[in-house]
**Student:** 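Sharing a structure below in structure tokens format, with a few things to ask.
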Amino acid sequence: MQPTADNAPRGPVDASVVPRFAGIATFARLPRLDEVGRADVAIVGVPFDSGVSYRPGARFGPAHVREASRLLRPYNPAQDVFPFGAQQVADAGDIAVNPFDIAEAVRQVEAGARELQASAGRILAIGGDHTIALPLLRAVHAQHGPVAVLHFDAHLDTWDTYFGAPTTHGTPFRRASEEGLIDLTASMHVGIRGPLYAKSDLEDDERLGFSIITSEYLEEHGVASAIDRLRARIGDAPLYISIDIDVLDPAHAPGTGTPEAGGLTSRELLRMLRALADRNIVGADLVEVAPAYDHAQLTAVAASHVAYELLSAMAPRSTPVVE
Ligand SMILES: N=C(N)NCCCC(=O)O
Ligand SMILES: [Zn+2]
Ligand SMILES: [Zn+2]
């Protein structure tokens with residue numbers, strides 16, 4: 001049953017009373033954080049894309065994902081949970097960051113996340129390009145110490161520099177590893193595919209603490225096998241989940257800056273996320289949605305459902321989750 005007590009979490013606007021296409025878009029038509037005071041999970045937009053190496057436009061991602069999230073409903077049968085009833089989820093708006101100065105923007109994202117941590121148990125950030133994972137991990141590390149990073153992406157994002165710049169959307173996990181933010185024994189990329197710069201990219205990546213489930217592995221061995229591997233790797237470490245929407249095939253998510261053929265279906269990604277409901281998820285980001293390249297909200301619909309599945313996995317269970 002959906003909780004109905006007076007102190008129950010405040011959920012989305014009732015779509016049978018106010019049509020879902022009416023009103024200003026918060027994520028899933030949830031209340032704003034300033035309306036509820038504090039939240040178990042705060043959704044926050046990070047409209048920053050000055051770290052991209054190819055197509056720009058992910059700065060418009062947060063608004064696009066919110067707009068496409070109007071159709072989400074309160075009960076998630078796939079996880080048998082009311083993600084907005086079992087916990088208070090609220091939309092904290094956007095962190096305003098400097099689009100002309102990456103170093104300052106990164107400081108602003110970390111400061112914004114730390115401030116939010118005072119009134120929210122966990123943060124789900126919506127980007128923005130993948131640069132933002134670095135300051136978000138800094139904020140999470142300040143609370144939890146080194147975390148297992150489960151990173152869904154076509155790209156390793158453990159490269160060193162671009163044009164000499166150390167802080168870009170292709171480098172956040174190398175910086176995070178160098179800074180000791182991640183658990184080197186429990187971190188993993190899922191969905192990696194496509195051309196690299198050199199064979200040594202993979203050696204560097206392993207040294208930096210990641211193991212890899214490639215897109216090819218998923219095709220060859222299936223989602224169930226991938227789930228076994230990623231659960232074994234993560235163990236019971238505090239878990240940070242970073243999802244670059246380009247992990248999906250461009251057929252499922254065309255609206256992104258560095259698309260790579262041969263990717264996952266949204267069905268595969270959603271299923272893997274469902275397998276994380278019994279883990280200690282301490283934070284998450286969902287990045288690289290670039291609406292200028294989207295069509296019919298394909299990418300944003302996929303992204304909003306990915307966020308919904310993450311929120312469902314974060315929701316506390318009254319009974320133990322069975323695999
Ligand atoms: N994080 C994303 N989406 N892309 C990184 C690609 C870096 C490159 O241009 O090689
Ligand atoms: Zn990527
Ligand atoms: Zn990425």
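We count ligands from 1, going down the list as the structure has it; atoms in each ligand are counted the same way.
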**Student:** Nearest to atom 5 (C) of ligand 1, what protein heavy atom do you find, and at what distance?
**Tutor:** Asp157 OD1, 3.3 Å
**Student:** Do we see a donor-acceptor contact under 3.5 Å between the side chains of Tyr240 and Ser187?
**Tutor:**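 Side-chain D/A pair, Tyr240 to Ser187: absent.
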**Student:** Can you tell me which portion of His169 lies within the under-4.0 Å heavy-atom range of ligand 1? Options are side chain, backbone, both, or neither.
**Tutor:** both
**Student:** Looking only at N, O or S atoms in His155, which is nearest to the Zn ion (ligand 2)?
**Tutor:** ND1
**Student:** Determine whether the side chain, the backbone, both or neither of Asp244 has a heavy atom under 4.0 Å from any heavy atom of ligand 1.
**Tutor:**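 Only the side chain of Asp244 comes within reach of ligand 1.
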**Student:** Considering distance alone, does some N or O of Tyr162 sit under 3.5 Å from an N or O of ligand 1?
**Tutor:** yes
**Student:** Examine distances only and state if a side-chain atom of Thr161 and a backbone atom of Ala165 form a donor-acceptor pair shorter than 3.5 Å.
**Tutor:** no
**Student:** Would one find an N, O or S atom of Asp246, in either backbone or side chain, under 2.8 Å from the Zn ion (ligand 2)?
**Tutor:** yes
**Student:** Regarding atom 10 (O) of ligand 1: of the candidates Tyr54, Trp159, Tyr197, which has the closest heavy atom?
**Tutor:**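 Answer by nearest heavy atom: Tyr197.
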**Student:** With the Zn ion (ligand 3) as the reference point, give the N/O/S atom of His130 that is nearest.
**Tutor:** ND1
**Student:** For ligand 1, which atoms have a heavy atom of Thr258 less than 4.0 angstrom away?
**Tutor:**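 It comes down to these atoms of ligand 1: 2 (C), 3 (N), 4 (N).
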**Student:** Side chain of Ser50, backbone of Pro99: donor and acceptor closer than 3.5 Å?
**Tutor:**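 Yes, Ser50 side chain to Pro99 backbone: donor-acceptor pair under 3.5 Å.
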**Student:** Is the positively charged end of Arg55 above the ring of Tyr293, judged by distance under 6.0 angstrom from the centroid and angle within 45° of the axis?
**Tutor:**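 Yes, a cation-pi geometry.
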**Student:** Within a distance under 4.0 Å of any heavy atom of Asp246, pick out the atoms of ligand 1 and give their elements.
**Tutor:** 2 (C), 3 (N)
**Student:** Report, in ascending order of atom number, the atoms of ligand 1 lying under 4.0 Å from any heavy atom of Glu288.
**Tutor:**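 Those atoms are 1 (N), 2 (C), 3 (N).
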**Student:** Between Leu156, Ile182, Asp157, which is the residue that forms a side-chain contact (heavy atoms from CB on, under 4.5 Å) with Phe210?
**Tutor:** Ile182
**Student:** Output the list of atoms in ligand 1 that are nearer than 4.0 Å to some heavy atom of Ser53, sorted by atom number.
**Tutor:** 6 (C), 7 (C), 8 (C), 9 (O)
**Student:** Looking at Asp244, pick out the N, O or S atom nearest to the Zn ion (ligand 3) and give its name.
**Tutor:**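 Distance check against the Zn ion (ligand 3) picks out OD2 in Asp244.
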**Student:** Do any N or O atoms from the side chain of Glu35 and from the backbone of Arg32 form a donor-acceptor pair under 3.5 angstrom?
**Tutor:**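 Judged by distance alone, yes, a pair lies under 3.5 Å.
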**Student:** Ion pair present between Arg107 and Glu110, side-chain N to carboxylate O less than 4.0 angstrom?
**Tutor:** no
**Student:** Of all N, O or S atoms in Asp157, which has the smallest distance to the Zn ion (ligand 3)?
**Tutor:**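 It is OD2, the N, O or S atom of Asp157 closest to the Zn ion (ligand 3).
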**Student:** Looking only at N, O or S atoms, find the one in Asp153 nearest to the Zn ion (ligand 3) and name it.
**Tutor:** OD2
**Student:** Is the contact between Val287 and ligand 1 made by the side chain, the backbone, both, or neither, using heavy atoms and a 4.0 Å cut-off?
**Tutor:**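 No part of Val287 comes within reach of ligand 1.
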**Student:** Leu202 pairs by side-chain contact (heavy atoms from CB on, under 4.5 Å) with which of Ile192, Thr158, Ile212?
**Tutor:** Ile212
**Student:** Test Arg175 against every option in Thr167, Thr168, Thr131, Asp160 by the side chain to side chain donor-acceptor pair (under 3.5 Å) rule and name the one that passes.
**Tutor:** Asp160
**Student:** Using a distance-only test with no angle check, is there a side-chain donor-acceptor pair under 3.5 angstrom linking Gln143 and Arg114?
**Tutor:** no
